[in-house]
Amino acid sequence: MALCPGLLDAGENIKALSTCLGHSDPGFTLRTYTHLLPSGEARARAAMDGLYVVAA
C-alpha cells in the first residue's frame, strides 16, 4: 500500500497506522512495515546525543 510509506515518513505512529489499515494487532503492522522506517536509527542517535550534552 503506497499510503504506508508516506504516513510513516511523516512520523505517524504504528498504533494509528494499524487502526487506519484495519489491523487488529499493531505488532503485525510494525513487523510488516518496519523496513520502511529508515530514519529510525538516525532519530535514536540524535536523541541519545541530546542526553549527553557536555556542559561548558
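Note that the numbering runs from 1 along the sequence shown for the chain. Source: prediction; values computed, not measured.
- Between the CG atom of Leu21 and the OH atom of Tyr33 there is a distance of 5.5 Å, given to the nearest 0.5 Å.
- Screening residues 11-30 for salt bridge (charged side-chain N to carboxylate O under 4.0 Å, His left out) gives Asp25-Arg31 as the qualifying pairs, with residues at least two apart or on separate chains.
- Sequence neighbours left out, the pairs with a member in residues 7-26 that pass ring pair (Phe, Tyr, Trp, His ring centres under 6.0 Å) are His23-Phe28.
- Shortest non-hydrogen contact noted between Pro26 and Ser24 is CD-O, 3.9 Å.
- Residue Asn13 holds its CG atom at 11.0 Å from CG of Leu30, rounded to the nearest 0.5 Å.
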